[in-house]
Enquirer: 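There's a structure below that I have some questions on.
Keep in mind it's a predicted model, so treat the numbers as computed, not measured. Computed from heavy atoms alone, side chains included, the values below leave out hydrogens, waters and symmetry copies.
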Amino acid sequence: MQSSPTSETPARQPLLIVDGHAFAYRAFFAIRSLSSPDGAATNAIYGFIRMLGRMQAKIRPSHLAVVWDGGLAPERMSLHPEYKAQRPEMPCDLEKQLDEIVAYLRAANIFSLLQDSCEADDLIATLSRRAVAAGMEVVIASSDKDFMQLVSPNVRLLNPHDKTESLMGVEEVRAKTGVEPTQIADWLSLMGDSVDNIPGVPGVGAKTARDLLRQFGSVDAMYRRIEEVGPERLRTSLQAAEKLVRRNQQLVRLNEEAPCKVSMEELACKPGDAASLRPLYARWGFKSMLRELEPAPVPASDFFPETAGAC
């Protein structure tokens with residue numbers, strides 16, 4: 001009897017979309033000391049390859065893409081020049097490894113996508129929308145809470161920081177935030193997002209934002225019925241911050257129509273090219289990965305089927 005799909009296992013082989021920079025950072029800090037025979041840092045490369053392999057084994061995707069940030073979106077910067085301004089510079093040793101990670105993806109025949117002045121979040125949102133429209137399921141591998149707004153019966157999240165490796169669907173978003181995935185953008189607009197340097201309404205945190213959306217359903221409905229908000233101090237704060245909230249809506253809402261000339265066929269999983277992978281692994285000193293490229297020994301029974309086991 002076939003088991004019903006759960007949050008642990010996609011019902012169909014999905015498109016797996018990996019937030020490239022997020023996973024490179026995760027790999028870099030997870031393995032702090034690893035270098036190639038010539039002394040170059042390889043910790044992020046090794047960790048990225050191993051993490052990606054584990055995800056592929058768990059999700060078993062039919063399509064796969066790694067998406068990278070190509071810079072901050074000009075339209076968001078024009079709205080809020082301090083957008084993401086507080087983020088520290090990328091560590092030099094990590095930056096040096098990014099091109100090598102992309103070289104691995106090329107040799108492994110894994111689609112890698114980067115577009116100038118286009119944030120990975122928007123490209124991921126666009127690919128997700130297209131995949132769902134094509135009848136596919138999607139798993140987005142990222143810890144960015146902005147992606148909760150994309151969650152639906154056909155789109156789920158895999159958080160690399162979650163040791164349970166469970167997939168986050170609609171029920172999990174609801175349990176975590178108290179709101180529906182379709183309300184996430186409004187929820188973040190009210191409470192702000194310190195990670196992206198987006199200030200929220202003074203006095204409004206996650207719980208107050210949740211309660212307002214449970215009462216009114218949306219930011220638009222809340223402002224249409226602002227006289228119903230209580231207590232008076234909260235109502236006054238929301239009225240004074242309406243312009244900020246409206247701007248925040250534009251900042252946090254992902255663009256599902258990013259200019260992206262990529263077909264689903266280009267994202268189909270393909271075998272890696274061992275001849276291209278071998279010199280990379282050798283240069284990086286990844287002996288275990290070199291061994292994994294070697295063909296498995298052929299059982300003796302394949303050569304002598306009639307006599308196998310007879311002695």
Side-chain angles (χ1 to χ4, degrees), residues 5 7 10-23 55-56 59-76 79 83 105 110-160 167-174 176-177 179-189 193 196 213 217-220 248-269:
S7 62
R12 302 186 298 275
Q13 285 186 299
L15 162 63
L16 173 61
I17 309 177
V18 178
D19 184 342
H21 277 98
F23 269 77
M55 281 191 293
Q56 288 177 273
I59 303 300
R60 291 173 288 123
S62 59
H63 296 67
L64 173 60
V66 177
V67 182
W68 305 90
D69 272 316
L72 299 178
E75 57 271 21
R76 291 192 179 96
L79 286 168
Y83 175 63
L105 295 173
I110 295 171
F111 193 89
S112 179
L113 177 62
L114 180 148
Q115 288 190 192
D116 289 339
S117 301
C118 195
E119 295 182 53
D121 294 9
D122 294 324
L123 290 172
I124 290 171
T126 299
L127 291 178
S128 297
R129 179 190 59 77
R130 291 182 185 175
V132 171
M136 301 175 65
E137 290 192 1
V138 177
V139 174
I140 299 170
S142 177
S143 59
D144 191 334
K145 59 181 172 292
D146 289 348
F147 289 124
M148 289 192 290
Q149 66 188 273
L150 301 179
V151 170
S152 72
N154 293 310
V155 179
R156 283 175 288 174
L157 308 181
L158 177 63
N159 185 345
L167 298 181
M168 176 179 282
V170 174
E171 290 295 334
E172 289 79 11
V173 170
R174 191 181 295 133
K176 182 179 179 69
T177 66
V179 301
E180 300 297 320
T182 53
Q183 296 174 307
I184 290 293
D186 281 353
W187 183 65
L188 292 171
S189 298
D193 186 352
D196 290 345
L213 291 172
S218 68
V219 161
D220 290 344
N248 287 357
Q249 286 180 299
Q250 297 178 71
L251 290 172
V252 303
R253 187 171 291 122
L254 300 182
N255 177 13
E256 298 183 18
E257 299 290 344
C260 175
K261 296 180 180 179
V262 177
S263 68
M264 288 299 111
E265 289 74 17
E266 292 176 85
L267 309 185
C269 290

Enquirer: Are K176 and V173 side-chain neighbours, meaning at least one heavy-atom pair lies under 4.5 Å?
Expert: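 The answer is no, as the side chains (C-beta and beyond) never meet within the 4.5 Å cut-off.
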Enquirer: State, yes or no, whether a side-chain contact exists between L188 and D196 at a heavy-atom distance under 4.5 Å.
Expert: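 No, every pair of side-chain atoms sits at 4.5 Å or beyond.
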Enquirer: Can a salt bridge be assigned to the pair R76 and D122 using a cut-off of 4.0 Å between side-chain N and carboxylate O?
Expert: yes
Enquirer: Is there side-chain contact between V139 and P61, with at least one heavy-atom pair below 4.5 Å?
Expert: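 No. Closest side-chain heavy atoms not under 4.5 Å.
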Enquirer: Please round to the nearest 0.5 Å and tell me the distance separating atom CE of M264 and atom CZ of F111.
Expert: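 Reported to 0.5 Å precision, the distance equals 9.5 Å.
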Enquirer: Does some side-chain heavy atom of N154 sit less than 4.5 Å from a side-chain heavy atom of M136?
Expert: no
Enquirer: Backbone N or O of E256 within a donor-acceptor pair of the R129 side chain at under 3.5 Å?
Expert: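 Yes: the side chain of R129 pairs with the backbone of E256.
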Enquirer: Is any side-chain heavy atom of V151 less than 4.5 Å from a side-chain heavy atom of E172?
Expert: no
Enquirer: Do any N or O atoms from the side chain of D19 and from the backbone of A141 form a donor-acceptor pair under 3.5 angstrom?
Expert: no
Enquirer: Using a 3.5 Å distance criterion without hydrogens, assess whether the side chain of Q149 forms a donor-acceptor pair with backbone atoms of A185.
Expert: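 Answer holds: no.
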Enquirer: side-chain contact (heavy atoms from CB on, under 4.5 Å) for V179 and D186? Distances and angles first, verdict last.
Expert: CA-CA 10 Å; V179 301; D186 281 353; over 6 Å; no
Enquirer: Check whether any side-chain heavy atom of L113 sits under 4.5 Å from a side-chain heavy atom of L123, and report yes or no.
Expert: yes
Enquirer: Let me know which of L267, V155, I124, L150 forms a side-chain contact (heavy atoms from CB on, under 4.5 Å) with I17.
Expert: I124
Enquirer: Does any part of the side chain of N159, heavy atoms only, come nearer than 4.5 Å to the side chain of S143, both counted from C-beta?
Expert: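 With C-beta onward as the side chain, the pair touches.
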Enquirer: So, using ring pair (Phe, Tyr, Trp, His ring centres under 6.0 Å) as the criterion, who are the partners of H21 when residues are at least two apart?
Expert: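 Expected list: W68.
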Enquirer: State the CD1-CD distance between I59 and E137, to the nearest 0.5 angstrom.
Expert: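 Going from the CD1 atom of I59 to the CD atom of E137 covers 10.5 Å.
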Enquirer: Evaluate the side-chain proximity of F23 to V66: yes if any heavy-atom separation is below 4.5 Å, no if none is.
Expert: no
Enquirer: Among all residues two or more places apart in sequence or in another chain, which pass the side chain to side chain donor-acceptor pair (under 3.5 Å) test with S62?
Expert: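 Checked S62 against side chain to side chain donor-acceptor pair (under 3.5 Å); zero matches.
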